[in-house]
Amino acid sequence: MAALEILCSVAVVFILFYYYVTRNYNFWKQRHVAGPEPMFPFGNFKEITFGQLPIGILIKQYYDQFKGEPMVGIFVRSLPTLIVRDPELVKDVLIKDFTSFPNRGIHYNTKVDPLSENLFMLKETKWRPLRRKLTPVFTSGKLKQMFYLLLECGDVFEKYLDHLSEKNEPIECRDITAKFTTEVIGTCAFGLKTDAIADDNSEFRKMGIRVFSTSFMKTLQFILRQSMPWLYNILGKCMADWVVIDFFTKSIKDTIEHRKQNNIVRHDFIDLLIDMKEHSDNMSDVDVTDNLIAAQAFIFFVAGFETSSTTMSNALYELALNQDIQDKLRQEIKEEIMKNNGELTYEAVKDMKYLHMVFQETLRKYPPATVMFRVVNQPYTFRGTNVTIPKDHRVIIPIYGLHHDPEVYPSPETFDPERFTAENVKARHPMYFIPFSDGPRNCIGERFAVYQTKVGLIKVLINHKVDVCEKTKIPYEFNTRAFILTPKDGIYLKFSKLSA
Ligand code: HEM
């Protein structure tokens with residue numbers, strides 16, 4: 001009898017759970033939006049739940065499957081979510097109708113994680129004044145002032161490469177490029193000499209690895225934060241990585257104190273953040289505390305080092321596979337430096353047109369952020385359609401799908417910088433190339449990323465030839481669990497010093 005009761009209870013719980021998860025599965029049918037059939041209990045996210053595919057690649061499969069549709073309705077487990085395919089509608093979401101889509105829908109709680117009070121996570125009311133204050137930090141004028149810091153890091157990197165290439169062994173590019181970008185961001189965002197390039201025990205490098213490592217606890221924390229925010233608010237503090245939080249908070253607070261006491265001016269992010277604190281007028285209800293400053297420096301570090309280092313590694317990988325492109329690029333680099341009296345200046349980098357094409361093609365083929373999320377803050381009808389989504393529903397911008405659309409980029413897996421001649425760019429809808437996104441909430445660090453990545457590439461290519469070797473995986477597999485598009489294993493290449 002007891003067994004029967006238990007069985008009945010289990011059946012009732014299962015039926016309730018089934019009903020709860022599938023209650024919305026008609027959502028897109030009712031709105032006549034095409035999409036794949038959802039599967040209980042994963043919706044259309046089975047591969048993500050089991051870590052079988054990177055999110056951008058799964059979304060690209062739906063993008064390809066529903067060719068010709070302006071949008072595709074899917075279910076993130078039980079949550080109706082819309083993939084926006086049509087580039088005009090993408091433009092509406094990101095730019096024209098931004099007032100309806102200002103948020104990414106990431107839950108955060110500063111009591112649980114003090115560094116979550118950052119530009120990437122904040123909701124519109126706090127985000128707007130902060131973004132307005134931080135935008136001048138990234139102007140070309142400010143970047144020009146900071147360029148000498150990039151060069152200093154570039155010089156250390158170049159020496160390190162000389163030393164490594166002498167060993168004549170395969171070099172793991174993801175590691176060396178991450179050391180370079182850690183040093184750059186550490187220098188610019190924290191005002192510290194991180195020793196990330198030369199010292200394998202650099203604390204900043206260790207923290208960088210720790211922030212981007214994947215673990216069961218991190219996945220659980222992410223799922224909890226997004227699916228059960230109330231429970232995250234209770235348990236999140238125990239799950240947060242306090243080693244990372246304490247390290248970054250202390251580093252930034254110590255630096256600010258040291259600068260103030262010694263009247264140090266370096267024209268880097270820290271100076272600009274201190275300035276923001278001292279002139280915190282027009283910040284409406286935002287209280288500019290040391291913690292808020294630390295959270296911004298932290299997000300510059302997190303959003304800036306892995307994205308740029310992965311881009312550098314991917315560019316080197318493609319250049320090793322395409323020696324003609326590498327030769328042409330090196331030729332341009334040498335010519336532009338010669339034109340500037342043998343110096344690598346901000347202007348010289350700006351004038352390297354072919355480098356820009358290689359950089360863009362790298363980001364087309366390997367966009368580090370493969371999708372973007374937005375949450376609508378009021379009922380919204382997509383232009384030219386009868387499709388209305390209610391407040392608080394999510395949309396996905398399929399960056400990887402758009403970048404790999406064969407009708408826009410024939411043979412999308414071929415690496416071809418010529419896709420980015422001025423003429424070819426003009427002939428395409430601009431929303432088919434959005435590695436940094438677009439509109440008011442795009443990547444604030446775009447300009448910085450461009451220069452950091454280019455200086456790193458120049459420093460490698462000016463004196464070294466990069467080749468594939470026996471350890472190079474062609475093609476390489478993607479890491480299916482990381483949010484940023486990264487290779488599963490390292491990118492091993494051979495570096496040979498060129499004669500002067
Ligand atoms: C190749 C390098 C990079 C790529 C591909 C990249 C891409 C992106 C993308 C796609 C977004 C989301 C935009 C959206 O949702 O519309 C973003 C946001 C952001 N990125 Fe980057 N990023 C890069 C480097 C950097 C760097 C170097 C920094 C800082 C120094 C940075 C700081 C940020 C911040 C703070 C945000 C949030 C902006 C906001 O919400 O207002 N990123 N980035």
Side-chain angles (χ1 to χ4, degrees), residues 55-56 84 90-91 93-95 98 101-106 108 115-124 126-135 137-139 142-143 146 149-150 153 177-178 180-182 184-190 208 268-270 272-273 295-315 359-375 394-400 402-403 431 433-457 483-486:
I55 184 167
V84 185
V90 171
K91 195 170 165 185
V93 171
L94 294 180
I95 307 168
F98 177 75
F101 296 96
N103 297 316
R104 297 196 175 92
I106 309 172
Y108 67 89
L115 295 179
S116 62
E117 198 179 16
N118 63 59
L119 202 60
F120 194 86
M121 312 273 260
L122 288 177
K123 296 210 173 65
E124 192 187 3
K126 274 195 163 186
W127 167 79
R128 233 177 234 289
L130 196 62
R131 173 92 188 200
R132 205 173 34 240
K133 271 281 175 188
L134 288 175
T135 297
V137 171
F138 293 91
T139 57
K142 290 280 175 352
L143 185 55
M146 244 186 260
L149 291 172
L150 283 188
C153 299
T177 55
F180 169 66
T181 54
T182 302
V184 172
I185 307 264
T187 305
C188 296
F190 290 84
D268 57 7
F269 290 150
I270 294 289
L272 302 166
L273 290 171
Q296 308 324 308
F298 173 70
I299 198 64
F300 294 164
F301 180 77
V302 171
F305 102 85
E306 179 90 342
T307 44
S308 297
S309 68
T310 304
T311 306
M312 266 177 81
S313 314
N314 285 326
F359 175 73
Q360 286 178 303
E361 175 63 351
T362 306
L363 284 175
R364 178 201 66 80
K365 192 170 170 190
Y366 307 97
T370 54
V371 290
M372 274 176 303
F373 286 93
R374 288 288 190 274
V375 172
R394 274 160 204 275
V395 301
I396 291 182
I397 308 296
I399 303 185
Y400 193 84
L402 291 159
H403 285 197
M431 294 300 112
F433 182 67
I434 45 170
F436 295 102
S437 181
D438 210 330
R441 201 143 194 188
N442 70 345
C443 174
I444 197 170
E446 171 171 356
R447 216 179 256 123
F448 186 81
V450 170
Y451 278 85
Q452 146 170 259
T453 309
K454 286 182 180 175
V455 166
L457 285 175
F483 190 72
I484 287 181
L485 190 70
T486 45

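Remember, it's 1-based here, ligands and their atoms both numbered in the order they're listed. In this text the structure is predicted, and so the values were computed from the model without any measurement. We number each residue from 1, following the sequence as shown.
- Close approach of ligand 1 to A369 is summarised as follows: ligand atoms under 4.0 Å from at least one heavy atom of the residue are 10 (C).
- Using a 4.0 Å cut-off between heavy atoms, N442 contacts ligand 1 through its backbone alone, with no side-chain atom that close.
- Near A449, with a cut-off below 4.0 Å to any heavy atom, the atoms of ligand 1 are 2 (C), 24 (C), 27 (C).
- Between F138 and F269, the ring planes are tilted. Angles from 30° to 60° get that label.
- Atom numbering of ligand 1 starts at 1 in the shown order; those under 4.0 Å from a heavy atom of P435 are 5 (C), 7 (C), 10 (C).
- Taking CG from L94 and CD1 from I434, the interatomic distance works out to 5.5 Å, rounded to the nearest 0.5 Å.
- The side chain of W127, and not its backbone, has at least one atom closer than 4.0 Å to an atom of ligand 1 (non-hydrogen atoms only; side chain from C-beta on).
- For ligand 1, the polar-atom distance check against S437 finds a nitrogen or oxygen pair separated by under 3.5 Å.
- Closest of all the heavy-atom pairs between E124 and P129 is O-CD, 4.4 Å.
- For ligand 1, the atoms closer than 4.0 angstrom to any heavy atom of P368 are 5 (C).
- Among the atoms of R131, some N or O lies under 3.5 angstrom from an N or O of ligand 1.
- Residue contact check for ligand 1: F305 places no non-hydrogen atom closer than 4.0 Å to it.
- In this structure, Y400 OH and R364 CZ are separated by 8.5 Å, a value rounded to the nearest 0.5 Å.
- With respect to atom 17 (C) of ligand 1, the closest heavy atom belonging to the protein is C443 CB, 3.5 Å.
- For ligand 1, the atoms lying closer than 4.0 Å to a non-hydrogen atom of L119 are 39 (C), 40 (O), 41 (O).
- Residue-to-ligand polar distances keep T311 apart from ligand 1: every N/O pair is separated by 3.5 Å or more.
- Residue A303 holds the heavy atom nearest to atom 31 (C) of ligand 1 of all those in P440, P102, A303.
- A distance of 13.5 Å separates CG in L115 from OH in Y108, rounded to the nearest 0.5 Å.
- Considering both main-chain and side-chain atoms, D438 never comes within under 3.5 Å of ligand 1 through any nitrogen or oxygen pair.
- The nearest heavy-atom contact from the protein to atom 37 (C) of ligand 1 is F120 CD1, 3.5 Å.
- For the pair R104 and ligand 1, the shortest N or O to N or O distance falls below 3.5 Å.
- Taking the ring centre of F98 as origin, the terminal cationic atom of R441 falls outside the region bounded by 6.0 Å and 45° from the ring axis.
- No side-chain donor from either of T453 and T311 sits under 3.5 Å from a side-chain acceptor of the other.
- Of the inter-residue distances, the one linking L150 atom CG with C188 atom SG reads 5.5 Å to the nearest 0.5 angstrom.
- Residue contact check for ligand 1: R374 places a non-hydrogen atom closer than 4.0 Å to it.
- Interatomic distance, I397 CD1 to K91 NZ, rounded to the nearest 0.5 Å: 13.5 Å.
- In this structure, the side chains of V375 and R104 stay at 4.5 Å or more apart for every pair of heavy atoms.
- Distance check, rounded to the nearest 0.5 Å: CZ of R374 to CD1 of I396 gives 12.0 Å.
- Set against the non-hydrogen atoms of I444, the atoms of ligand 1 under 4.0 Å away are 34 (C), 35 (C).
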